[in-house]
Amino acid sequence: MKSGEIMEDNDLLKVRLEKIAALKAAGIDLYPNDIKPQNTTSEIISQFSSADSDALEQLTQKFSIAGRLMAMRNFGKAAFIKIQDRKGQIQSYIAKDILSTAAYFVFKKLDVGDIIYVSGKLFRTKTNELTIEATDLRLLSKAIRPLPEKWHGLTDVETRYRQRHLDLISNPAVKETFYRRSRIISLIRQFMDRHDFLEVETPMMQPRAGGAVARPFKTHHNTLDMDLYLRIAPELYLKRLVTGGLERVYEINRSFRNEGIDTFHNPEFTMMEFYRAYATYEDLMSFTEELFADIANHIFGGLKFSYQGIEIDMTPPWRRISVNDALIQMAGMEPAALHDKAQVIEFAKKTGCDVKENDPLGKILMAIFDEVVEKKLVQPTFVTDYPVAVSPLSRRSNSDPEIVDRFELYISGREIANAFSELNDPADQRDRFEQQIKEREAGDDEAHEMDEDYIHALEYAMPPTAGEGIGIDRLVMLFTDSASIRDVILFPLLRDKAPIKE
RNA sequence: GGGCUGUUAGCUCAGCGGUAGAGCAGCGGACUUUUAAUCCGUUGGCCGGGGGUUCAAAUCCCCCACGGCCCA
């Protein structure tokens, strides 16, 4: 095989390779880079949406666009084509007696999928469509492979995820989703900036994977001969920054959890964590309401929207309910039974939870909560008063040392955010880590490890602080009405497959 | 990890024991205002891979690979 030769026994490719040979023979550069389009499709369309034929005829201005040739309707010596750029599509009219002979020769060798440049005046067709009358046309990049079918687009989900470029070309709604994802993250940054938060970046490779309860990915640094973990959360580093006096910090970036994959979990996912000194978890509830309302207002122009056929109403204030009240009201537990471990275990087993006899009471209660209550929390709900046993980094409640000043936000039956007043008492933090170590020894490989370095930092005094983590992918799912997390992550993790057939 | 389900032409799909099909795309022809343009003609397949059953397998059975949905 000669280098640069494309080896595939496919008639469609052969035809295109023949066209390429003909273009080369005519001295056409197949991949030039000297062209600068002056306009975008949407800019032209919005600027001239109300201009009629006469108005356009008065215009002497020429417009130029570049993009992917998406459709071609040929009429002998003329044609209508659709060109798609990042903003949308516009039609162009090609006629043999308007283009130069050289440009018309190139046009006759084009295929749907090629990247081209067109310039010319605007006019309206008989059917009143705004159209560029091509006086110049250039090939900018020749496609060798055919695009998916124009009408149905690309629907095979596996191909859509593995070849996202095709998905983005063929399915406008997909492009719209990722534009919106970017917009949402931008709105969050603006909101945080308005509230005087500092955006920071903390290590993704950590010697101990702390800040959450999850199984980490392990890796190794060769020169330092040191095992490292991909972070499961940025929490402990962000709190060091609060101790360092930054007081209001946030980070929007990837965390990694070595766990299963489903419609709500991808092994790498994006989270925003933020910490605010001199605030409590209660302050963060209203802060969260404001943030989400701000996003909803910008995206939808209101606080009500539909997610998977169900109306979500983000009008503050949102429902607030304690874990225990939720278990009583929504799982049907007896108030008296909540403190009797034997009865709680019995209830847990009855509901199908996989619990161990020696698990702490709080952990079993949360297992029941996850099994029974979670899916019922459709409208935005803050669940509060978590057991200390499942909250090793949260401050104990002043009213009850067995619960912590913490909430989780549920929307559409899914955890979207987790927040608490931070534990800044180094002695208590040490006790909590030691409790976690006992659970690790009892077989819980997700339990937290001792982090002396973090405790050492707390010993320099961290101000009273509240912090929160928000699952950005899940938030984007809500605001884009996406059923699967894979629809809001450009390249979701899939099992490796033999490379695409060459 | 378990259950259900999918993998057939470049794409979207039908066929479900008896000679592999359609639409779109492609190719050839007609056509200078189309909107999934139209009309005529036409090329294209290791039916995901491997084993079986059968006179005969895309179709039935088993294993494997890669997805999807639901559950753990």
Side-chain angles (χ1 to χ4, degrees), chain A residues 6 8-20 22 45 53 56-57 69-84 88-99 104 107-114 120-134 143-167 169-172 259-266 308 348-349 351-355 367 370-372 374-375 413 482-487 492-502:
Chain A
I6 288 166
E8 191 165 350
D9 186 27
N10 180 319
D11 289 346
L12 295 169
L13 296 198
K14 276 183 196 157
V15 169
R16 297 216 178 184
L17 293 173
E18 282 162 20
K19 287 180 183 172
I20 283 173
I45 289 166
S53 283
L56 292 176
E57 213 155 305
L69 178 55
M70 294 300 287
M72 200 159 23
R73 290 184 282 276
N74 280 296
F75 294 84
K77 298 178 182 63
F80 288 95
I81 61 176
K82 284 268 186 195
I83 300 163
Q84 172 171 292
Q89 294 192 349
I90 196 165
Q91 178 170 269
S92 178
Y93 177 68
I94 308 291
K96 192 179 182 183
D97 54 14
I98 298 174
L99 274 183
Y104 193 72
F107 171 72
K108 293 310 272 183
K109 293 279 180 276
L110 292 184
D111 289 288
V112 169
D114 292 348
K121 287 184 61 181
L122 294 177
F123 75 107
R124 284 193 184 275
T125 63
K126 282 178 182 168
T127 51
N128 209 35
E129 179 160 348
L130 190 63
T131 302
I132 299 176
E133 185 183 75
I144 294 164
R145 296 179 186 278
L147 287 182
E149 192 215 0
K150 61 187 171 188
W151 186 242
H152 298 91
L154 180 66
T155 63
D156 181 80
V157 285
E158 188 174 352
T159 310
R160 288 185 43 223
Y161 299 147
R162 286 191 197 277
Q163 299 193 64
R164 186 68 94 176
H165 49 286
L166 292 180
D167 194 23
I169 292 166
S170 315
N171 298 321
E259 291 161 0
I261 296 176
D262 61 31
T263 47
F264 281 85
H265 297 85
N266 194 62
Q308 301 293 295
K349 287 185 171 165
T351 57
C353 299
D354 182 24
V355 294
D370 290 346
E371 181 70 27
V372 183
E374 200 176 286
K375 56 176 167 272
S482 298
S484 168
I485 197 168
R486 292 180 214 100
D487 294 327
L493 186 64
L494 297 182
R495 212 181 282 268
D496 195 24
K497 206 178 180 183
I500 303 162
K501 200 174 67 175
E502 264 301 327

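In what follows, every chain begins at residue 1, and chains take the letters A, B, ... in the order their sequences are listed. Fair warning: this is a prediction, and the values are worked out from it, not measured in the lab.
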Let's see if you can work this out: which of [options] has an atom nearest to the side-chain heavy atoms of [X]?
| X | options | answer |
| --- | --- | --- |
| A:Lys150 | B:A36, B:G44, B:U34 | B:A36 |
| A:Leu494 | B:C31, B:G67, B:G26 | B:G67 |
| A:Arg162 | B:G26, B:G67, B:U34 | B:G67 |
| A:Glu149 | B:C11, B:A72, B:C66 | B:C11 |

Atom CG of A:Asn128 and atom P of B:U34 are separated, to the nearest Å, by 12 Å

When rounded to whole Å, the CZ to C1' distance for the pair A:Phe123 and B:U32 reads 11 Å

Re B:G1: Watson-Crick or G-U wobble partner, both distances kept under 3.5 Å, found to be B:C71

Taking a pair to mean Watson-Crick or G-U wobble geometry with both distances below 3.5 Å, B:U38 pairs with B:A30

Can you tell me if A:Asp370 uses its side chain to pair, donor with acceptor, with the backbone of A:Ala367 under 3.5 Å?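 No; zero donor-acceptor contacts below 3.5 Å.
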
Donor-acceptor contact present, side-chain A:Asn171 to main-chain A:Leu154, <3.5 Å: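 Present.
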
- Query: Does A:Phe75 lie flat on the base of B:C31, that is, centres under 5.5 Å apart and planes under 30° off?
  - Reply: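 A stacking contact does not exist, since A:Phe75 is not both close and nearly parallel to the base ring of B:C31.
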
Next item on the list: Among A:Arg162, A:Arg160, A:Arg486, find the residue that satisfies the salt bridge (charged side-chain N to carboxylate O under 4.0 Å, His left out) test when tested with A:Asp167.
Entry: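 Filter result, single survivor: A:Arg160.
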
